[in-house]
Trainee: 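One structure is given below, represented as structure tokens, and several questions about it will come after.
Note that the structure is predicted; figures quoted are calculated from it, not measured. Reminder, nothing fancy here: chain letters follow the sequence lines and each chain counts from 1.
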There are 2 protein chains.
Amino acid sequence: MTGIVQTKRLLSYRMALLRLKKMGLKKAYSHTLSEETGVSAVLIRKDFSQCGIRGKRRGGYDVDYLLDELKKLFGREKEQNVVLVGLGNIGSALIKYEGYRQSNMNLVAAFDIDPAKRTRRYSVPVYSLENLREVADAFDVSVAILAVPEFSAQETAHYMVENGIRGILNFAPVLLKLPGHVLVNNINIMVEMERLMYHIGIREK
Amino acid sequence: MTGIVQTKRLLSYRMALLRLKKMGLKKAYSHTLSEETGVSAVLIRKDFSQCGIRGKRRGGYDVDYLLDELKKLFGREKEQNVVLVGLGNIGSALIKYEGYRQSNMNLVAAFDIDPAKRTRRYSVPVYSLENLREVADAFDVSVAILAVPEFSAQETAHYMVENGIRGILNFAPVLLKLPGHVLVNNINIMVEMERLMYHIGIREK
DNA sequence: TAGATTGTTAATCGATTAACAATC
DNA sequence: TAGATTGTTAATCGATTAACAATC
């Protein structure tokens with residue numbers, strides 16, 4: 001029912017709704033959400049309709065109701081624990097990030113091979129990767145952020161999967177070759193940057 | 001000719017090819033590239049064909065030739081200068097990043113409202129945003145990375161556009177409302193994380 | 001009743017794959 | 001000639017939009 005692209009949209013509706021709610025709005029029209037998310041109003045209505053979310057023919061959608069329904073779809077009941085592997089530039093940014101709770105996630109630990117990185121400087125403990133299994137078992141962790149250098153990404157990912165990880169948000173610019181039961185979501189910042197510059201270049205011509 | 005999704009693929013072929021070349025390979029088959037990128041071999045051949053890139057019917061594609069052709073497509077002749085706005089978690093990661101050169105980009109300056117952040121600690125200077133116009137003019141900058149907090153993203157982006165920026169890589173989780181001539185590429189790390197967790201959750205059922 | 005909105009069905013569009021032809 | 005590969009055309013699939021019906 002929910003394709004990968006639709007999932008992304010529904011999540012962006014949720015973000016926009018949280019913003020609108022904070023601003024005090026009680027009702028949202030497909031048109032309003034369209035302005036906030038950049039998705040066409042028809043598509044928004046269709047998405048909601050397909051998920052069994054109903055509005056009022058004249059009065060739009062109730063913000064709280066929408067958020068509830070989206071929570072039913074996405075809201076993992078219990079908070080989900082995650083870990084972070086690699087404390088380079090990106091890893092250091094993500095260990096300091098404070099907004100996991102907002103998405104009902106909880107960063108419980110980070111890992112780095114460099115002992116110098118394993119300080120108490122951060123709000124979560126930093127271990128050697130050898131301790132992954134232990135942490136994963138203790139905190140029921142199945143999802144990890146991978147932010148190690150390109151050259152060690154494959155090997156590290158493999159080790160992670162061997163020790164209980166089933167989902168990886170991968171910042172390394174390589175395709176990870178992993179067993180079929182493992183889900184990987186890739187973020188490649190430099191490719192996004194190049195894409196932007198390419199399309200700017202095209203416009204100039 | 002090149003849609004937005006195809007652009008992303010072509011860039012990923014390029015990355016894979018650079019890797020293969022580093023490993024000493026001279027020839028690449030669509031099949032090889034498929035393994036490296038996760039894109040189907042047919043689609044790879046079709047992409048190349050549409051871009052006028054030819055292989056040998058039996059001998060695959062020549063790696064150097066492929067890279068040359070891709071460079072012709074994406075390689076901006078002169079190095080492109082970019083700036084970074086916002087030195088929070090993500091911003092600090094990106095100012096330390098060393099790989100811009102590899103994509104023929106050059107980070108020339110960063111900006112932050114907090115004077116405490118405007119130190120000489122980094123390899124590029126950090127200014128107040130007031131100096132953006134000056135820097136943009138001097139270094140012919142039209143593309144910027146935006147890594148400020150959500151609440152100030154819209155205002156900051158607007159100011160940037162008023163001062164010569166025409167392309168933004170946006171890490172703030174909001175849809176920026178900007179004039180039509182401005183291109184925005186959004187990266188929303190938490191949405192990607194939630195998407196991953198959602199699809200993991202689905203598998204469990 | 002008129003107007004504004006949601007909801008749905010059919011049409012369109014674009015991206016991907018299947019099937020096969022070409023050729024080294 | 002047989003086999004492996006590229007290259008192309010047609011078929012399929014999925015996502016989006018257009019048109020319109022329903023209703024508050």
Side-chain angles (χ1 to χ4, degrees), chain A residues 1-13 16-17 20 25-70 73 175 186 191 195 198-199 202, chain B residues 1-13 16-17 20 25-70 73 175 186 191 195 198-199 202:
Chain A
M1 174 179 120
T2 34
I4 194 147
V5 46
Q6 201 193 14
T7 308
K8 209 164 168 174
R9 281 203 304 270
L10 289 166
L11 284 166
S12 83
Y13 304 157
L17 284 163
L20 291 173
L25 268 76
K26 301 258 178 268
K27 293 278 169 194
Y29 303 106
S30 57
H31 175 76
T32 324
L33 276 172
S34 175
E35 282 203 349
E36 289 300 311
T37 59
V39 179
S40 78
V42 218
L43 191 45
I44 291 176
R45 292 201 296 277
K46 181 149 209 183
D47 281 341
F48 284 158
S49 160
Q50 277 185 341
C51 296
I53 298 177
R54 266 51 236 312
K56 296 224 175 69
R57 289 272 179 176
R58 180 67 194 292
Y61 300 87
D62 182 87
V63 172
D64 283 324
Y65 164 72
L66 275 182
L67 283 169
D68 273 3
E69 292 296 313
L70 289 171
L73 277 172
L175 183 80
N186 297 293
V191 161
R195 218 174 85 192
Y198 173 69
H199 288 285
I202 287 208
Chain B
M1 174 180 122
T2 34
I4 193 148
V5 45
Q6 201 192 16
T7 308
K8 209 164 169 175
R9 280 204 305 272
L10 289 165
L11 285 165
S12 83
Y13 303 157
L17 284 162
L20 293 172
L25 267 76
K26 301 256 176 275
K27 293 278 170 195
Y29 303 106
S30 55
H31 175 76
T32 324
L33 275 172
S34 174
E35 282 203 348
E36 290 300 311
T37 59
V39 179
S40 78
V42 217
L43 190 46
I44 290 175
R45 291 200 297 275
K46 181 150 208 181
D47 280 341
F48 285 157
S49 161
Q50 277 184 341
C51 297
I53 299 177
R54 266 53 237 311
K56 297 224 174 71
R57 290 271 178 176
R58 179 69 196 290
Y61 300 86
D62 184 87
V63 171
D64 282 324
Y65 164 72
L66 275 182
L67 282 169
D68 272 3
E69 291 297 313
L70 289 172
L73 277 173
L175 183 80
N186 296 293
V191 161
R195 217 174 87 192
Y198 173 70
H199 287 287
I202 287 210

Trainee: For residues 35-56 of chain B, pull every pair meeting ring pair (Phe, Tyr, Trp, His ring centres under 6.0 Å), keeping only residues two or more places apart or in separate chains.
Mentor: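 Output for this query lists Y13(B)-F48(B), F48(B)-Y61(B).
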Trainee: If the condition is side chain to side chain contact (heavy atoms under 4.5 Å, CB included), which residues does R54(A) pass it with, not counting sequence neighbours?
Mentor: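 Residues passing side chain to side chain contact (heavy atoms under 4.5 Å, CB included) with R54(A): S49(A), Y65(A).
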Trainee: The criterion is side-chain hydrogen bond (donor to acceptor under 3.5 Å, both in side chains); which residues satisfy it with K8(A), sequence neighbours excluded?
Mentor: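 Once residues adjacent in sequence are excluded, the partners of K8(A) under the side-chain hydrogen bond (donor to acceptor under 3.5 Å, both in side chains) criterion are E192(B).
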Trainee: What residues in residues 28-35 of chain B put a non-hydrogen atom under 4.0 Å from any atom of DNA chain C?
Mentor: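 Listed by number, there are none.
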Trainee: Got a sec, which residues hit side chain to side chain contact (heavy atoms under 4.5 Å, CB included) with S40(A), two or more places apart in sequence or on another chain?
Mentor: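 S40(A) satisfies side chain to side chain contact (heavy atoms under 4.5 Å, CB included) with V42(A), L43(A) once adjacent residues are dropped.
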Trainee: I'd like to check the side-chain hydrogen bond (donor to acceptor under 3.5 Å, both in side chains) partners of E69(B); sequence neighbours left out, ordered by chain and number.
Mentor: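 Listed in chain order: K72(B).
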Trainee: Mind checking what makes side-chain hydrogen bond (donor to acceptor under 3.5 Å, both in side chains) contact with S30(A), not counting sequence neighbours?
Mentor: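 If we apply the side-chain hydrogen bond (donor to acceptor under 3.5 Å, both in side chains) test to S30(A), skipping adjacent residues, the hits are R45(A).
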Trainee: With sequence neighbours left out, write down each residue that passes side-chain hydrogen bond (donor to acceptor under 3.5 Å, both in side chains) with D64(B), or none if nothing qualifies.
Mentor: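 D64(B) satisfies side-chain hydrogen bond (donor to acceptor under 3.5 Å, both in side chains) with K21(B) only.
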Trainee: Mind checking side chain to side chain contact (heavy atoms under 4.5 Å, CB included) for R57(A) and listing every partner two or more places apart, or none if nothing turns up?
Mentor: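 Testing R57(A) for side chain to side chain contact (heavy atoms under 4.5 Å, CB included), a comparison that skips the adjacent residues, returns none.
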Trainee: Expected output is a numbered-order residue list: members of residues 55-67 of chain A with a heavy atom under 4.0 Å from any atom of DNA chain D. What is it?
Mentor: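 Output list: R57(A), R58(A).
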Trainee: Which pairs, protein N/O on one side and nucleotides 18-20 of chain C N/O on the other, fall under 3.5 Å?
Mentor:
none

Trainee: Hunt down any stem DNA chain D takes part in, defined as 3 or more consecutive Watson-Crick or G-U pairs whose two distances are each under 3.5 Å.
Mentor: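 For DNA chain D the paired stretches long enough to count as stems (3 pairs minimum) are C:3-24 with D:3-24.
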